[in-house]
Structures are given as C-alpha cells and as structure tokens.
Amino acid sequence: MAFDIDMIKGLYSNMAERVDKAREIVGRPLTLSEKILYSHLWDGNPTKEFKRGKDYVDFAPDRIACQDATAQMALLQFMQAGKPKVAVPTTVHCDHLIQAKSGAAADLKVANSTSAEVFDFLESVSNKYGIGFWKPGAGIIHQVVLENYAFPGGMMIGTDSHTVNAGGLGMVAIGVGGADAVDVMAGMAWELKFPKLIGVKLTGNISGWTSSKDVILKVAGILTVKGGTGAIIEYFGEGAKNLSCTGKGTICNMGAEVGATTSTFGYDESMERYLRATDRSDIADAANAVKEHLTADPEVYANPEKYFDELIEINLDELRPHLNGPFTPDLATPVGELGVKARENGWPIKVDWGLIGSCTNSSYEDLTRAASIAKQAVDKKIKAKSDFGINPGSEQIRFTAERDGLLQIFENLGATVFTNACGPCIGQWDRSDLKGDEKNTIVHSFNRNFSKRADGNPNTHAFVGSPEMVAAIAISGRLDFNPMTDTLLNENGEEVKLDEPLGIELPPLGFDVEDAGYLAPDEDGSSVVVKVDPKSERLQLLEPFTPLTPESLQGVKLLIKAFGKCTTDHISMAGPWLRYRGHLDNIANNTLIGAVNAYNKKTNFVKNQLTGEYVGVPDAQRAYKAAGIKTIVVGDHNYGEGSSREHAAMQPRHLGVAAVLVKSFARIHETNLKKQGMLGLTFANEADYDLIQEDDTFNFLDIAEFAPDKQLTLEIVHKDGSKDTIKVNHTYNQSQIDWFNEGSALNVIKRENAS
C-alpha cells in the first residue's frame, strides 16, 4: 500500500471542484500544469486568475523530500522554527555522502564510519519531528521518491534541484532551497511566481538506439541552460504515451538543466503500470477515478499553440541518439557527428570511464538496456576499453537486478557496482586512474557535466548520454564510436557489430527487496534528544542572521566580479566539501573558490582592497567581515545555475556578502538569496557590467525606499574618485522585502511562531 494514501485521496476528492472553478475563472480549457497549480492553492478553491511569469502565488505542497547534504541545513533551520512536528509528510534520504571507490559494500562501510555523526544527527532529528528516514544505501532520493511517494496530480517540493524527477509520475515537483522547505514544514504557505508554460509535443515512437534520455538531450540543445527559466515544461502527444514511466522521469529530471521550474506528463497507462508494479495499486485505482483531471483538457493538446507560451515539436521516429557536452549539458551533438566535432575542438577521443546511474538513469529499465549491450560484449568476446562504474537507483532496484542476473552481466564485463547512491554524479568519486589535471574524457548517464563536477579535475571532458550509449562508447573506448554503423575488433580478431539495445520496462517477476532501508519516525518524538557537539567539524547550530541596514549598505566593497558561467558548483563546491554541509562556518571556506575572477581570469584569486594583496576569495571576505565591511558579488547571465544548493546563498551571507548583482539569475538561487535576507539584483542595463572595476566601492543610495516594482539606485565609486550611477532591478514582493527587513525568512517564521 502507498504512503499517505488518505492524503492523496483527500486531494483527489477536491480536485474536480477546484479544476472546474479554475476553468470557469480563466475562461478556457486548462493545461495539466494549471490544473495541478490551481488545485494546490493555499487558500483552497481558486478565486482569481494568475498571470504567468508575473504573479506570486501561495501554494500548499503535499509533501517534502530532502537529501542528506541539504537536509542538514534545512533541519538545522527547522529546529529554530519552534514547531514540535513537520506539518506535511517529509522524508530524508542519505545518498550524497557515500563516496564511490572500491564497490558497494566497502564504500558503504566507509561512509557509515566517516559520516556517522551526520547520519545519526539526521536520523535523530527525523525521529523527533515526524520525518521518514531512508538509511545510507537505501537509494538515490529521486528514484526512491518515484518508487514510493510520487503520485499523479500531486505537488511536492524538495531540497534538491532534481526533485523534478517526480514529474515522470505526473506531479508538479519543484526543487527549492532548505529555507523554502522549512516554511512548508512549519505549516506555512510556499510562494512561487506563477510559471510560464512550455509545451513539448512528442509524436512517433523511440526505437533502436534512441532512448528517453535523447528526448531531453535534444530539448536541452534547443532551449539551452536558461531557456526554461520560470516555466513548467509539459510533455504530451502520442509519443509521450509511448514512453515508460521511468523514461518520463528521466526527461523531467534533466529539465533542471534547462532552468525549468519543473516538467511533467499527463497520467497514462505507463504510469498506472508503474504504480501497480511498485505496490501502489490503491493510488492507481484512485487516480483512475479522476484521470480526466490528471491530464490537460483535450482542447489544449489539440491546439497547443493557443495554450502554451512556447511550443516545441519532436518526432521520436526521427530522433537520433545524442551525447551532450563537454562542460555544459546543453551542447547537444548527435552520435556519429561527435568525432569531427571533438577533433575540431581538441577534445580527447579516448574514453577512460563509462558511468551508469544517478537519479537520472538508474531504473530497472535503464539497467536492462545497458546490460543488453554489456552482455553482447561478453558473448561476442569484446573486451571493454574503458573502466565501468554502475550506481543502481535504489536497494529495491539493486536487489531485483541482482536476482535477475543483471549485475552479474556488468561484473562479467569488469564493471564495479557502487552503492545505491549519487556517487560520481555529484563529485563523490575517489578516482584513482588519474593524477593532477590531466586532460581526459569520460561518458556518463548523469544530468550535469560542469567543469570539475565528477572528479574535481577541470580538464575532465564529461559527455552525457543514455545508459546504453554510455555502455557502447565505453566498450569501444572511443568518443567517435557510432554503434549504429561501426564495428569493433574482438579478442579473436573478428569484426563484430553491437545489436540494438533491448530493455525491459518492469521486472517480469516483480520488484523484490529484503530491507528497503526505511525507518518510520516515532509517533511522539518529544522525548528524542538531538545533540550537536559544539566542537564538531561537521555540524554547527545556527545563529540568526542580522538584518542589513541602509547604513551597512554604504561603502560596500567588491568581493569578486565573476566572469562567464558561475554555477552553484562554482559558488559552493560539492565533492569533498559535502562533509561540511552541516557546518556553515567550515563550508564557508569554499565560497566562490570556483568562480573565475574577471580581472585576471583565475579562480580563488581576488584583490583584498584593504591590503592590496591577492588572496583566496574566502580569505578576502573574512578580512572584510572582520573590518565590519559588507561586500557585493557581480556576475554574468544565469548566475546560480545548477542545484538547489542554499549553501551558495547562506555561505556568502554568513561571511558578510550583502548583495549579488548579475545580468540574470537561475530561479532557485535568486529565491535562496531572498530567503537569507540578501539583495539579489540585476542590471537594468546589462552593459553596466563593464563599468565595474576591481577597486570599486558601492553605495546603495535609496535602499531605505526598497519597495516592490521600484528600481534601486547604485553609486559606484572608482579608485580614482570618479563615479558612475546605475539603476538595478529586483523581483522582490512585499513579503520578500519583509524577509530582507527581518534578516531572513526564517527570522519571520520564528517571530510569527513566537507571537
């Protein structure tokens, strides 16, 4: 039986009334996204139409999911909120703090030892506050959510940008910062700007080497990493119905890579099959009773150009397999064209590693498609030229795959099966085959391939593809290999060709597992004691941020002017730094160390205006903080692209950064800055970015008049005494200005709970 079935049935019982009311108010047929949004309004039944991309709206999400790296800070914040129990169903999943090195059993043992303090903290906090806890090794958060918690027509938020994976089961699932999650845990509304809508019409059917992954790789090439910002992508058409549920999840998962608020599909037979296969027939039965409300009105899909802000059409019959990269997930290249492109750009042709897994592609179906290629290599006596690593998505998938012989196929090829965890996808990879910054190429089925992400090496060229394509490329050992046309030389010196992959949507013998890894919380956790050692290097209780005053926003110094792409990985790196995610002061030592200084094109090397010396970014910032001087960060387009990492906002705030001024923001990061009581600003004139000089000081002339829809005036004082005055924009509404005035959103919650 499903978790929280009464909550789901309660939502469905109100859905018809709320959808009908919304349709009446807007005066037209509704998309699926609109149906879900309007049926989750904080105030209940709709009373007005909301303008897409304009109106801020209060929503009531059904549930929350947190992964261990972000859960630490989220729960440290919730402990300050003054609540005895979370207000909505919430889970914590331990998947980020397990390093891939030797293999599943050994790596899990090491993680349970080295991160015992963090796991014990998360387990005890979960137990105290009524939160479901998934132990280390239970699986990757988004796969576990899809198997256990996702349901058609629901709304959830999660403290990870790939929460959007649950769109594969017809949800509106959105990645947020921990402060957003704390609001909802504390029983408050969750605010979101009503999204724009991008429709993707899929026709035809995927076949052969083409997979669901290639749909989103193609879409990423069309939209780029910021083309979906502020929008929900809704997939529809006969082609969508022909995809499996987990294939839909893969597509929704990587919607985060185009900046989309989320992605979703209408409820169909593939979702029903998946629900029943994962022991949730009760949800399938309930969904079938309201299925007309779990997809768009027929008129929408018949004439989509009238109902979506942007429309993309993809014929799956014609879609070719892709590999995207390197260094950005939107650089899309059809397989077969990559060799020429690689040689033109000097990308290494030799492939050192093939990695299969992550929250994007670690389902049973994914493993079967990749295993069908691996088995051919073994049977045809082809020795893999690259190293192989496999991360199953959950213990249920691992157990079932082992029972069905899939894992043995990979091991016969020489692959290492890692723990059911994120591993290399988020930089948790002890890669022993390279030293220093050697230039090399890897292929993987993950979602992101930013510089340094997988292994910390800025010269690792990572390419994103489907599990079966990763398997084929890794077996060949060459980036220019095209399995659809090329042959390989086997151990007998014979030329052999790989056959098309064969996948199994759901295990014929059903899913099975001995211990899924779930711990339910005590009914009454009031007696549970949560201890944090004041001497701990891993955990630190939080102190409230103090408000930024108009006086403190005069004489602000430039910390860094970031050049080009500046993702949350650049602002707050993962990898070995994950160990400090629960200790704000310690992890602050990685703040912006990956950002490129526009003045010398170096990382972690900026001018300390107080001494004139060049030092690391955190060192300069701590010097300013000690002197009581606030600072500003200047950036380019799509600043804060990447994960939901609220540390990328909390760390600068902790160190004394008052404002971030950029050409444009990624959605989650802009919200995170607001939540922490900072100023997230954009240039009214993008060319003003070029006015900023290395020794500049800034005065916020009219910050005392901070108000919605009102530009701010910024005075830039240069070293020679000359000045420039520019206008800057913001998107703060009055509630968000209240966060700023109080010092943070959490301070507002504490005040309201105390009154």
Side-chain angles (χ1 to χ4, degrees), residues 1-8 10 42 60-94 97 112 115-136 138 141 144-145 148-149 156-159 176-190 515-536 538-544 581-584 646 744-755:
M1 191 182 80
F3 288 93
D4 309 309
I5 185 63
D6 291 337
M7 176 268 286
I8 296 169
W42 178 256
D62 300 308
R63 65 175 314 109
I64 301 167
C66 310
Q67 41 95 334
D68 49 356
T70 52
Q72 295 171 66
M73 198 58 69
L75 295 180
L76 284 165
Q77 291 177 88
F78 180 74
M79 289 170 66
Q80 295 187 58
K83 292 287 187 177
K85 199 169 185 177
V86 292
V88 302
T90 303
T91 52
V92 167
H93 305 255
C94 295
L97 299 177
N112 278 325
S115 293
E117 178 184 13
V118 172
F119 294 148
D120 289 346
F121 166 75
L122 293 174
E123 183 179 339
S124 64
V125 174
S126 297
N127 200 19
K128 182 174 183 65
Y129 294 108
I131 298 169
F133 182 75
W134 290 82
K135 298 184 294 185
I141 175 172
V144 173
V145 165
N148 295 276
Y149 299 113
M156 69 173 289
I157 59 173
T159 60
V176 299
D180 274 1
V182 170
D183 284 357
V184 180
M185 289 181 197
M188 300 179 69
W190 174 62
D515 178 9
Y518 175 71
L519 295 177
D522 289 347
E523 191 67 33
D524 180 4
S526 59
S527 63
V528 176
V529 177
V530 179
K531 295 181 180 179
V532 175
D533 185 346
K535 297 180 180 178
S536 171
R538 302 287 299 272
L539 296 165
Q540 179 187 49
L541 294 176
L542 295 175
E543 295 292 334
R581 283 286 178 84
H583 197 295
L584 184 56
E646 69 178 324
S744 71
L746 183 59
N747 289 353
V748 174
I749 294 175
K750 289 176 66 177
R751 174 174 54 78
E752 292 177 350
N753 284 335
S755 60

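Keep in mind that the numbers below use all heavy atoms, side chains included, and drop hydrogens, waters and symmetry copies.
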Taking all heavy atoms of [X] and all of [Y], pick out the closest pair and write down the distance.
| X | Y | answer |
| --- | --- | --- |
| Asn747 | Pro544 | OD1-CB, 3.5 Å |
| Pro61 | Ile157 | CG-CG2, 4.2 Å |
| Gly178 | Glu646 | CA-OE2, 2.9 Å |
| Pro84 | Tyr129 | O-CD2, 3.4 Å |
| Trp42 | Gly187 | CH2-O, 3.2 Å |
| Leu76 | Gly582 | CD1-O, 3.4 Å |

Working to the nearest 0.5 Å, report the span between [atom1] of [X] and [atom2] of [Y].
| X | Y | atom1 | atom2 | value |
| --- | --- | --- | --- | --- |
| Leu122 | Asp68 | CG | CG | 6.5 Å |
| Asp533 | Leu539 | CG | CG | 9.0 Å |
| His583 | Glu117 | NE2 | CD | 9.0 Å |
| Ile749 | Gln80 | CD1 | CD | 10.0 Å |
| Met188 | Glu752 | CE | CD | 4.0 Å |
| Ile131 | Cys66 | CD1 | SG | 7.0 Å |

| task | Please check if the side chain of Ser126 supplies one atom and the backbone of Phe133 the other of a donor-acceptor pair under 3.5 Å. | result | no
| task | For Asp180, enumerate each residue passing the salt bridge (Lys or Arg N to Asp or Glu O under 4.0 Å) test, keeping only those at least two apart in sequence or located in another chain. | result |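 Salt bridge (Lys or Arg N to Asp or Glu O under 4.0 Å) list for Asp180, sorted by chain: Lys675.
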| For Arg581, what residues pass the salt bridge (Lys or Arg N to Asp or Glu O under 4.0 Å) criterion, not counting sequence neighbours? | none
| Restricting to pairs with a member in residues 83-92, which pass side chain to side chain donor-acceptor pair (under 3.5 Å), not counting sequence neighbours? |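 Pairs touching residues 83-92 that pass the test: Thr91-His93.
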| task | Among residues two or more places apart or on two chains, list those pairs meeting side chain to side chain donor-acceptor pair (under 3.5 Å) that have a residue in residues 515-529. | result | Asn127-Asp522, Lys135-Asp515, Asp524-Ser526
| task | List the steps, then state whether side chain to side chain contact (heavy atoms under 4.5 Å, CB included) holds for Met156 with Tyr149. | result | CA-CA 10 Å; Met156 69 173 289; Tyr149 299 113; 5.8 Å; no
Close side-chain approach of [X] and [Y], heavy atoms under 4.5 Å:
| X | Y | result |
| --- | --- | --- |
| Val92 | Leu75 | yes |
| Leu584 | Met73 | yes |
| Leu97 | Arg538 | yes |

| request: With sequence neighbours left out, write down each residue that passes side-chain contact (heavy atoms from CB on, under 4.5 Å) with Asn148, or none if nothing qualifies. | output: Phe3, Trp134, Val144
| Can you list the residues that meet the side-chain contact (heavy atoms from CB on, under 4.5 Å) rule with Val530, with sequence neighbours excluded? |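 side-chain contact (heavy atoms from CB on, under 4.5 Å) check on Val530 returns Met79, Phe121, Ser124, Val125, Lys128.
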